[in-house]
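Let me begin by presenting the structure, written as structure tokens, before commenting on it.
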Amino acid sequence: MEWEATIGLEVHVQLSTKSKLFSGAPTAYGAEPNTQACFIDLGFPGVLPVLNRDAVMKALKFGLSIGAEIPPYSVFSRKNYFYPDLPKGYQISQGDHPIVSHGVLNIRLDNGESKPIRITRAHLEEDAGKSLHEDFHGQSGIDLNRAGTPLIEIVSEPDITSSAEAVAYLKTLHSLVRYLEISDGNMQEGSFRCDANVSVRRKGETKLGTRTETKNVNSFRFVEKAIEYEISRQISVLESGGEIVQETRLYDSAKNETRPMRSKEEATDYRYFPDPDLLPLVINEKWLKDVKETLPELPWEKQQRFVTELDLSDYDANILSSQRELANYFEQAIKTTGKTAAKLTANWIIGDLLGALNKNNLDIARSPISPDQLAGMIARISDNTISGKIAKTVFEAMWQGEGSADDVIAKQGLTQITDDSAIQQAVDEILTSYPTQLAEYRAGKESLFGFFVGQVMKATKGKANPQQVNEVLKKKL
Amino acid sequence: MIRVWQTVIKGLLSRSCRLIKFPNPNLNEEKKLANPLITENDVRKVAHLARLTLNEKDIPERTKNLVNILDMIAHINDRDTQNITPMSSPFADTELFLRDDIVTEPNKRDAAHLIAPATESGLYLVPQVID
């Protein structure tokens, strides 16, 4: 029996404002418990929410970047539920009239093709506090610092059909919010959280299966695993004649499984109604135009430009534009090396630099080699001062903090030998040292050519210009 | 609470209006507004959502009342609202005030803790809740 999965994702993105969505309390992460929860966040009687303009702008930026509809007005509603980390007894969210609706995000699949994922809506809402269930003599501890922090909840249509697509979608979205500078996207700190709605059905069936919602997935890898687990769990339930219960499940990364958390509420259980404390939010054309002007070059626009202007391959351009910091690094480097060395610079960044960063568990922002240092090294390769091979030594030394490429080259005497007579002399010496191989080569064993190149390079400690060595050898052999 | 009922009634009304054909008000016909679509189960559901405790014996009476209320409100369907923009708020002409993104609230944890029944390590303590 063949099955297909249908996946819709709800992503909560914390907006990087200084103050909360409806109060002037700070939003900084990691403060002492309850020191950043003011009387509005605590839901004291008589207080009134006042909307943060910057949070609205950030939501609009997101909407415009995905070509979404921004209706002329949107409405804040109360979503009612009872939980101690929600002191008001309701969350101010948006129901029928969200600020952003009907957008599209194109994701890139492994085979290089692009697939549009429709975004149903994105709405503004406030976050709840945090409950700590350990160590309080059978009681729970509540920290309300996070209560009232601005979020946008981004809801996709069920266009995603595999865990790999889900991860591609999340990575694209994550990159976008970082490009737009509307969120720091820090997943460990909960700035980018994902709930996955998953259902399966027999191939060819038109009706969607019953879905479950998996919460508490806070890394790309866990999203992938949680979805894979949920798909196979649902298939095995159905194949053994069971039924899927619509419910909320929790992903346990230690055990790599999802388990039931609570039966899924219906929307009516939340008793949404327009918040009488807040008027509808009116967005006029002028405001939209102003926000549009602040949009940076978006990741997919940058990718295209890297291909058309800098002649990079589609694959390289995609990697370099996938993170804003990485793109900035690359662009900073080619400011010095020039467009003609763009391809070479891209190769060094994607190959050696990212490899070294990865090995040392560093991100590009913490690279020990600055873009200017890397550009300095590329310039010495381009002007033939060093060969690509010697550049590896220079790269390693720069990584160890030994200064600029020029410093390293001077200190270690790595300048490439391009003097023809010096190379000729080195070649002569090698040919005299290996008469047997020379005779074999001349008798037709052409594969020995590489051997001679290697010996010359070894004798010159890798400093001879490999091209010249090749040419001289060809002549002499 | 009133708003909860309003929302719920709006929902029920739109459901019933799809199914009940209202006669043209210009014709001198007797209007039959009695709403057979509201069942006692609907009333139980609404009561649950509104967190109201209703005695089982009161439910038939409540159902009748709700049907009457909906019938009365259903007169609104007689009006032609084709070219009328729905009102989003009674203060729709007033603009929502927006604040700049500035931190204005100092830490008042000590004051808030004074009226909390129990605190520890800066946290409020509540009876254990685990989903």
Side-chain angles (χ1 to χ4, degrees), chain A residues 17-20 22-28 31-42 44 50-56 73 75-76 78 80 83-85 87 97 129 131-133 136-144 248 250 261-262 268-269 271-274 276 278-282, chain B residues 1-12 14-15 42 45-52 85-131:
Chain A
T17 56
K18 294 184 198 71
S19 66
K20 299 213 172 147
F22 295 110
S23 84
T27 53
E32 279 285 297
N34 291 306
T35 53
Q36 300 192 150
C38 72
F39 293 148
I40 294 172
D41 310 321
L42 294 174
F44 271 44
V50 187
L51 182 60
N52 184 335
R53 178 183 293 108
D54 196 46
V56 177
Y73 76 91
V75 176
F76 287 98
R78 292 184 178 181
N80 298 275
Y83 206 74
D85 60 20
H97 299 282
S131 307
L132 298 123
H133 299 298
F136 297 104
H137 344 287
Q139 292 185 290
S140 292
I142 306 292
D143 175 9
L144 295 167
T248 302
L250 195 76
M261 188 170 139
R262 54 170 185 254
T268 48
D269 286 335
R271 291 161 292 140
Y272 277 94
F273 63 89
L278 290 156
L279 289 166
L281 170 63
V282 177
Chain B
M1 191 53 71
I2 290 172
R3 283 188 175 267
V4 177
W5 279 97
Q6 280 178 347
T7 314
V8 168
I9 288 170
K10 214 174 82 189
L12 292 171
S14 65
R15 197 176 109 190
D42 289 329
K45 166 92 176 161
V46 171
H48 165 73
L49 291 175
R51 307 291 186 262
L52 295 175
T85 319
M87 184 174 73
S88 50
S89 159
F91 306 106
D93 290 338
T94 321
E95 262 194 44
L96 174 64
F97 180 78
L98 299 170
R99 33 174 277 277
D100 291 333
D101 182 29
I102 297 169
V103 174
T104 52
E105 297 295 324
N107 171 15
K108 288 190 185 155
R109 183 172 78 176
D110 292 344
H113 271 11
L114 278 180
I115 54 167
T119 61
E120 189 179 314
S121 318
L123 299 159
Y124 297 98
L125 295 189
V126 297
Q128 190 143 44
V129 269
I130 295 199
D131 259 320

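Bear in mind that the values here come from a model prediction, so they are computed numbers and not experimental data. Hydrogens, waters and symmetry mates play no part in the numbers below; they use all other heavy atoms, side chains included. Throughout, a chain's letter reflects where its sequence line sits, starting with A, and its residues are numbered from 1.
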Salt-bridge contact A/R53-B/D100 (side-chain N to carboxylate O under 4.0 Å): yes

Side-chain donor or acceptor of A/R271 paired with backbone N/O of B/A50 under 3.5 Å: no

Run the numbers on A/L51 and B/R99 for side chain to side chain contact (heavy atoms under 4.5 Å, CB included), then give the verdict. CA-CA 6 Å; A/L51 182 60; B/R99 33 174 277 277; 5.9 Å; no

Please state whether the side chain, the backbone, both or neither of A/L132 comes within less than 4.5 Å of a heavy atom of chain B. side chain

Stepwise, does the side chain to side chain contact (heavy atoms under 4.5 Å, CB included) test hold for B/L96 with A/L278? CA-CA 7 Å; B/L96 174 64; A/L278 290 156; 4.1 Å; yes

With a 4.5 angstrom heavy-atom cut-off, could you sort out which part of B/I102 is near chain A: side chain, backbone, both or neither? backbone

Reported CG-to-CG distance for the pair A/N80 and B/L49, which is rounded to 0.5 angstrom: 10.5 Å

Residue A/L42 versus chain B: region with a heavy atom under 4.5 Å: side chain

Is A/F44 atom CZ crowded by more than 12 heavy atoms from other residues, nucleotides or ligands, each under 6.0 Å away? yes

Can you say whether A/L144 sits under 4.5 Å from chain B via the side chain, the backbone, both, or neither, judging by heavy atoms? side chain

Side chain from CB out, backbone as N, CA, C, O: work out which of these in A/P84 comes under 4.5 Å of a heavy atom of chain B, or both, or neither. side chain

Can you tell me which of A/H137, A/R78, A/H97 forms the most heavy-atom pairs within a distance under 4.5 Å of chain B? A/H137

Nearest-0.5 Å distance, CG of residue A/N34 to NZ of residue B/K108: 15.0 Å

Check: B/L123 main-chain N/O paired with A/D143 side-chain donor or acceptor under 3.5 Å: no

What is the minimum heavy-atom distance between A/Q139 and B/P127, and which atoms define it? NE2-N, 4.5 Å

Correct closest heavy-atom pair for B/E105 and A/P26 would be O-CD, 3.9 Å

For A/G141 and B/L125 the tightest heavy-atom approach is CA-CD2, 3.9 Å

Counting only non-hydrogen atoms closer than 4.5 Å, does A/T17 touch chain B with its backbone (N, CA, C, O), its side chain (CB onward), both, or neither? both

Under the side chain to side chain contact (heavy atoms under 4.5 Å, CB included) criterion, do B/R109 and A/E32 qualify, and how do the steps go? CA-CA 10 Å; B/R109 183 172 78 176; A/E32 279 285 297; 4.1 Å; yes

Does any backbone or side-chain atom of A/F22 lie under 4.5 Å from a heavy atom of chain B? Answer side chain, backbone, both or neither. backbone

